[in-house]
Amino acid sequence: MEISKQYIADFYQNDDNLFLVWGQDDVVTIWDSYEQMDQVFLIFTIQGELEYQTSLYKREVPVASLMVLTNNSTARFTKISPDFKCIGFCFSREFWTDTLIHSHPYTTLSLVHPALVLKELQMKDILNFINFIKMAKNTGIKDKEPLMKYLVLGMFSEIGKMYEEWSENFPKRSTQNLMREFARLLYSNYKTHRDVDFYVNALSVSKRHFSALVKSVTGMTAFKCIQMYVILKASSMLRNTTMSIKEIAFELNFDDTSHFCKYFRKNMKMSPESYRRQGL
């Protein structure tokens, strides 16, 4: 089976689907254009290497890692090794909202630290859950939905414990909380506020401390981090919609198309038109 963008899109056309799960022998097509995560992905890396870029930074995902991509994330996969294998889940919006959204204390943390390296025993526990979930999904039981939900909730409970253990060893809890709040603010205000001062004032921190913290976590200045999030959103719309350049500029709250094009060219070293043509 090949797991591709189209495969996932087809999955979402069926309202009866709870979630999509794939095994390590399935072929996963890694797409290299920025995608708005309207769904939730859990990816467990079994073999090989994967590199991804989210709204805030670029990271490598080592073997035996859990990667969480939640709603509001914008991400693309930038590199995959030939021997890469993974197990993954893609949850329907309804299943995530109705069943899981109140049972995942790690979700806001995952916005800041999406890839978590698992210990050997943790990985074994997760693989056991996944095997049971796949068995339940393929069973002949007529009403198997309650069983599947029970198993998925059990898996999420274990993942939550892993994130809680990791967060206890986080160098500075204040760093974790501040970056989480910055991520939330950026997701909500990137169209109207692209100046660092807005986020500094909203977070009630000094500009110097905030700038140093963002640089240490993302490798970028706070201003560049904000710019890159806007560019990721623009790139996703250029590659994945039929909106005109003017419409995209309006949607992102630029004064006019010329301003948007200059902003995009400065950060991407090419015009929006050229970027869109490359993706055709």
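Note that the structure is a prediction, hence the values are computed from the model and not measured. The figures that follow rest on heavy atoms only: side chains count, while hydrogens, waters and symmetry mates do not.
The nearest pair of heavy atoms linking Gln47 to Asp83 is NE2-O, 2.9 Å. Nearest approach of Pro272 to Phe264, heavy atoms of both residues: N-CD2, 3.6 Å. Contact between Val117 and Pro62 at its shortest, heavy atoms only, is CG2-CG, 3.6 Å.
In this structure a side-chain-to-backbone donor-acceptor pair under 3.5 Å is present from Ser216 to Leu213. Under the 3.5 Å distance criterion, the side-chain polar atoms of Arg276 are matched with a main-chain donor or acceptor of Leu238.
Using a 4.5 Å cut-off on side-chain heavy atoms (C-beta onward), His193 and Leu186 make no contact. Residues Ile130 and Phe89 have side chains in contact (heavy-atom distance under 4.5 Å, counting atoms from C-beta outward).
In the hydrophobic clustering of this structure, Leu127 groups with Leu116; members are Ile, Leu, Val, Met, Phe, Trp, Tyr whose side-chain heavy atoms approach within less than 4.5 Å, directly or through other members. Following chains of ILVMFWY side-chain contacts shorter than 4.5 Å, one can reach Val214 starting from Leu203, so the two form part of one hydrophobic cluster. A single hydrophobic cluster is seen to contain both Ile226 and Val217, as judged by linkage of ILVMFWY side chains at heavy-atom distances under 4.5 Å, directly or through other members. Tracing side-chain contacts under 4.5 Å through hydrophobic residues (I, L, V, M, F, W, Y), one reaches Leu147 starting from Phe129; they form part of the same cluster.
Summarising the local packing, CD of Glu49 is surrounded by 12 or fewer heavy atoms from other residues, nucleotides or ligands at distances under 6.0 Å. Taking a 6.0 Å sphere around CZ of Phe132, one finds it holds 12 or fewer heavy atoms contributed by other residues, nucleotides or ligands. A 6.0 Å sphere centred on CZ of Phe223 holds no more than 12 heavy atoms belonging to other residues, nucleotides or ligands. Heavy-atom contacts from other residues, nucleotides or ligands closer than 6.0 Å to CE of Met135 number 12 or fewer.
Relative to the ring axis of Phe254, Arg194 places its NZ or CZ within 45° and under 6.0 Å from the centre.
Distance check, rounded to the nearest 0.5 Å: CD1 of Ile245 to CZ of Phe250 gives 15.5 Å.
For Tyr199 and Phe210, the ring centers are positioned 6.0 Å apart or more.
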